[in-house]
Amino acid sequence: SQQGEEDPQALSIQEGENATMNCSYKTSINNLQWYRQNSGRGLVHLILIRSNEREKHSGRLRVTLDTSKKSSSLLITASRAADTASYFCAQPGTGTGNQFYFGTGTSLTVIP
Amino acid sequence: DAGITQSPRHKVTETGTPVTLRCHQTENHRYMYWYRQDPGHGLRLIHYSYGVKDTDKGEVSDGYSVSRSKTEDFLLTLESATSSQTSVYFCAISDSYGTRGYNEQFFGPGTRLTVL
């Protein structure tokens with residue numbers, strides 16, 4: 001399986017704190033993507049980082065990538081209750097279908 | 001949900017019955033995917049399509065078949081449903097890389113299937 005793993009599986013923090021989640025993937029990539037899933041909904045694309053980038057920012061999101069360790073992290077700063085969701089990393093596959101392999105996800109709860 | 005609908009949204013069925021889930025897109029994207037989501041397993045790819053009548057297996061394809069006769073529709077069929085196929089099923093679409101050099105996936109709202 002090419003499915004990646006995320007750590008921690010669950011995270012609970014107070015509003016205003018930062019949340020960090022980590023992703024490990026298995027094969028070489030040209031980019032890594034992060035998705036968010038609100039309860040009962042489909043996944044939504046958050047941010048992409050290319051293999052030649054080490055860090056990328058988008059609003060309160062910061063993503064880092066270490067290709068030598070095959071790992072990435074997503075940092076959400078100054079968290080809000082509305083950030084409560086599950087977060088998944090995804091690495092593109094190399095087949096004909098442009099398929100993605102998603103991690104197992106981190107469930108984030110932000111307590112107001 | 002980016003012009004993607006799934007039907008039905010909820011279904012309860014009995015073991016051994018056939019079930020077909022439908023994914024419909026209005027984005028004219030080339031690629032379509034079926035995933036299942038189970039606690040502790042994240043999303044796992046069942047089948048995908050890279051064009052009309054062009055499909056291939058994902059990592060958990062046993063017990064499932066798919067068809068794509070039109071760009072906009074991708075059907076997932078459970079020939080004889082089993083309790084282990086109780087899950088939430090998501091359809092996703094993506095377009096070709098184009099000039100950006102990457103693509104992303106857009107997801108439907110999901111179908112919750114219970115096999116008794």
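Every value quoted in this text rests on a predicted model; they were computed, and no experiment measured them. In what follows, chains are A, B, ... by sequence order, proteins preceding strands, each numbered from 1.
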Visitor: From A:Gln99 CD over to B:Glu59 CD, what is the distance, rounded to the nearest 0.5 angstrom?
Guide: 10.0 Å
Visitor: Report yes if some heavy atom in the side chain of B:Ser94 is under 4.5 Å from a heavy atom in the side chain of B:Tyr33; otherwise report no.
Guide: yes
Visitor: Find the distance between CZ (B:Phe74) and CG (B:Leu21) and round it off to the nearest 0.5 Å.
Guide: 11.5 Å
Visitor: Specify the closest pair of heavy atoms between A:Trp34 and A:Leu32, including all atoms of both residues, with the distance to one decimal.
Guide: NE1-CD2, 3.6 Å
Visitor: Measure the shortest side-chain to side-chain distance between B:His29 and B:Phe106 over non-hydrogen atoms and say whether it is less than 4.5 angstrom.
Guide: yes
Visitor: Can you confirm whether more than 12 heavy atoms, excluding those of A:Gln9, are under 6.0 Å from its CD atom?
Guide: no
Visitor: Going by the side-chain hydrogen bond (donor to acceptor under 3.5 Å, both in side chains) test, name the single residue among A:Asp66, A:Asn22, A:Thr64 that passes it with A:Ser73.
Guide: A:Thr64
Visitor: Who wins among B:Tyr48, B:Phe90, B:Tyr50 for the most heavy-atom pairs under 4.5 Å with chain A?
Guide: B:Tyr48
Visitor: In terms of heavy-atom proximity below 4.5 Å to chain B, should A:Phe88 be classed as side chain, backbone, both, or neither?
Guide: side chain
Visitor: Which atoms of A:Gln37 are under 4.5 Å from chain B, going by heavy atoms: the side chain, the backbone, both sets, or neither?
Guide: side chain
Visitor: Below 4.5 Å from any heavy atom of chain B, which atoms of A:Gln33 appear? Answer side chain, backbone, both or neither.
Guide: side chain
Visitor: For A:Asn38 versus A:Thr84, what's the shortest heavy-atom pair and its separation?
Guide: OD1-O, 3.8 Å
Visitor: Tabulate, in ascending numerical order, the residues of residues 35-43 of chain B having at least one heavy atom closer than 4.5 Å to a heavy atom of chain A, or enter 'none'.
Guide: B:Tyr35, B:Gln37, B:Gly40, B:His41, B:Gly42, B:Leu43
